[in-house]
Q: 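Below is one structure. I have some questions about it.
Predicted model only: the values in this text are computed from it and were never measured. Both counts, for ligands and for their atoms, begin at 1 and track the order of listing.
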Amino acid sequence: MTTTLSDFAALAEAFAVHPTDTPTSPPDRAAELESPRFGTVFTDHMARITWSRTAGWNNRRVEKYGPLLLNPASAVLHYAQEIFEGLKAYRHADGSIWTFRPEANAARFQRSARRLALPELSTEDFIGALAAVVAVDRAWVPVKKDFSLYLRPFMYASESFLGVRPSETAEFLVIASPVGSYFADGVKPVSIWVAEDYHRAGNGGTGAAKCGGNYAASLLPQTEAYAQGCEQVAFLDAETTTYLEELGGMNVFVVRDDGTIETPTLTGTILEGVTRSSILQLAADRGHQVVERRIPLEELLAGVRSGTVREVFACGTAAVITPIGRLKGADFDVEVAGGSAGQLTMSLRAELTGIQTGEVEDRHGWLTQIA
Ligand SMILES: *Cc1c(COP(=O)(O)O)cnc(C)c1O
C-alpha cells in the first residue's frame, strides 16, 4: 500500500510511542488550556527523529516532553546550525484535528535545511511527526474559539565537534504548545519601528531560510523598537536601505485606495510565509489586483500621508493577520488609516481563520487532517 499525505494515521504509525510516566492530570491540563501565554506551556510529549550521515533518518519516536541532553561541544551551540517551522493544529466542531498547508511548511523546512547544510527531512516524516505527537496529545488541542495547538518542528546540529563544517549528526523534534487568541482583547493595530541601522538579511545570506540565526540578528533592533515605543520592528533591504522587506517574523502587505494589494517581492532576503501566499490567493479570488514588487519606504510613507495607501498589515502563523496602525522611523512618524484596523485587513483575517477552523469552505484544499 502506498502512503498518501492525507493518510495521517499511516504516516504516524512509523513513530514508536513511549508514553510519559508523569502525564498532566486532566484538571491541571484544563487549567493550562484556560488562558495559555504564547509559548510557555507544552504538551506531555514530543516527536523525535535522529539523523546521522551514516544511518540516515532513524529512530522515529514520540517520547516524554523534557530537557535534551546536549554535549557542550554540540555544533548548534557554537555555529547556530539550526532551522525551525511554525504551524497550528485546529480542532473542528466535530472534534477532528487539522493543520493548514503542512506540505508547504515541510517544503520550506527542506529549503531551509539545504541552506543551513542540514539533512533534508521528507514531507512524509514531517507530517508524520506532527500527526504522531498530536495523536498522543490530542486532549491538548484547545476547544475554545480562536485557540489552537501551536506546533514547533525544529532541527539542530548535534555533533560534538568544534571544527567548522556541516554536522555529521542532527536531531529533528516537534514540540507542541496550546495557544490562545493572539489578541486577548480583540485585534488591535500595532506600531512599527522601521530600522535603518540594522538589517535582517543580506544578499546571499540566510534571509529566505527559517533559521534561529535570523531571529538572533533581529533581537537588538526589536529592543530598539520597544525603546521607540513601538511593538514590532520592520527591516529595509540591506543593499540600499530603500525597500521595505518584512518584520522580524512576519511578512507585510499594503492595500491601496483602488483595492490593489501589494507585498514585497521575494528577493532572497525575505522569508516566504505560508500566510503571505495564502493571502495573495484569497485576495486574487476576490478580484483584487495582487502585486508582488519592491516597495520603496518613501513611496509607502507618501501614500500613507496622501491617503492612496489605505491599509497596511503584517501576517504570519502566530498572529495570522495584524493591522499596522503606525509607522515610525528616525525622521518620520505616521498613522495609517487613523490608527484603526482596516476593513479589508479584518475581512481577509476572518476568511483565513474561518478556513482554518472549518467554518469557511476550504476551496483550495489547504487543510490536512492529522488526528
Ligand atoms: C515564519 C516567518 C514568517 C511568516 O511565515 P508563515 O509561514 O506565514 O508563518 C515571516 N517572516 C519570517 C522572518 C518568519 O520567520
Side-chain angles (χ1 to χ4, degrees), residues 38-39 80 82-90 99-113 115-116 123 126-127 130 148-155 174 177 179 182 190 192 194-195 198-202 205-222 225 231-238 243-253 261 263-283 292 295 312-322 324 345 348-349 351-353 355-356 364 366-368:
F38 182 84
E82 186 269 354
I83 57 173
F84 68 95
E85 271 302 325
L87 68 170
K88 288 171 171 173
Y90 310 88
T99 50
F100 183 75
R101 307 184 72 182
E103 65 291 336
N105 295 90
R108 186 170 68 191
F109 199 58
Q110 289 153 9
R111 294 197 298 275
S112 299
R115 181 62 185 85
L116 274 288
T123 302
F126 185 90
I127 297 180
L130 304 177
S148 59
L149 185 66
Y150 183 80
L151 301 168
R152 168 54 61 88
F154 63 102
M155 190 199 302
V174 180
S177 174
V179 290
Y182 198 84
V190 296
I192 300 293
V194 182
Y198 299 107
H199 296 94
R200 185 188 155 267
T206 56
K210 209 168 175 74
C211 65
N214 291 341
Y215 279 71
S218 75
L219 298 177
L220 179 62
Q222 175 66 53
E231 286 145 282
Q232 294 275 334
V233 62
F235 294 99
L236 303 174
D237 75 289
Y243 302 100
L244 181 65
E245 296 216 309
E246 61 169 319
L247 311 191
M250 283 192 270
N251 296 117
V252 287
F253 276 85
I261 296 189
T263 191
T265 194
L266 301 172
T267 51
T269 53
I270 295 175
L271 195 287
E272 182 175 2
V274 178
T275 319
R276 174 188 181 279
S277 77
S278 307
I279 290 166
L280 287 172
Q281 181 67 56
L282 294 180
E292 293 177 71
I295 300 174
V312 182
F313 64 84
C315 68
T317 296
V320 195
I321 292 179
T322 307
I324 292 175
T345 301
L348 285 169
R349 182 177 212 284
E351 183 175 4
L352 190 52
T353 54
I355 293 170
Q356 291 166 338
H364 297 287
W366 282 340
L367 296 180
T368 295

Q: For F313 and V252, run side chain to side chain contact (heavy atoms under 4.5 Å, CB included): C-alpha distance rounded to whole Å, both residues' side-chain angles, the deciding distance at 0.1 Å, then the answer.
A: CA-CA 6 Å; F313 64 84; V252 287; over 6 Å; no

Q: Could you list the residues that satisfy salt bridge (charged side-chain N to carboxylate O under 4.0 Å, His left out) with E85, not counting sequence neighbours?
A: R108

Q: Taking N251 for the side chain and L271 for the main chain, is one N or O donor matched with an acceptor at less than 3.5 Å?
A: yes

Q: Do H364 and I355 come close enough that some side-chain heavy atom pair is under 4.5 Å?
A: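 They are not in contact (no side-chain heavy atoms under 4.5 Å apart), so the answer is no.
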
Q: Once salt bridge (charged side-chain N to carboxylate O under 4.0 Å, His left out) is applied, do any residues pair with R111, and if so which ones, sequence neighbours excluded?
A: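 Expected list: E272.
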
Q: For E245, check salt bridge (charged side-chain N to carboxylate O under 4.0 Å, His left out) against everything at least two apart and list the hits.
A: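 Residues passing salt bridge (charged side-chain N to carboxylate O under 4.0 Å, His left out) with E245: none at all.
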
Q: If you count only heavy atoms, which residues are under 4.0 Å from ligand 1?
A: R108, R200, K210, Y215, E246, G248, G249, M250, N251, L271, G273, V274, T275, G316, T317

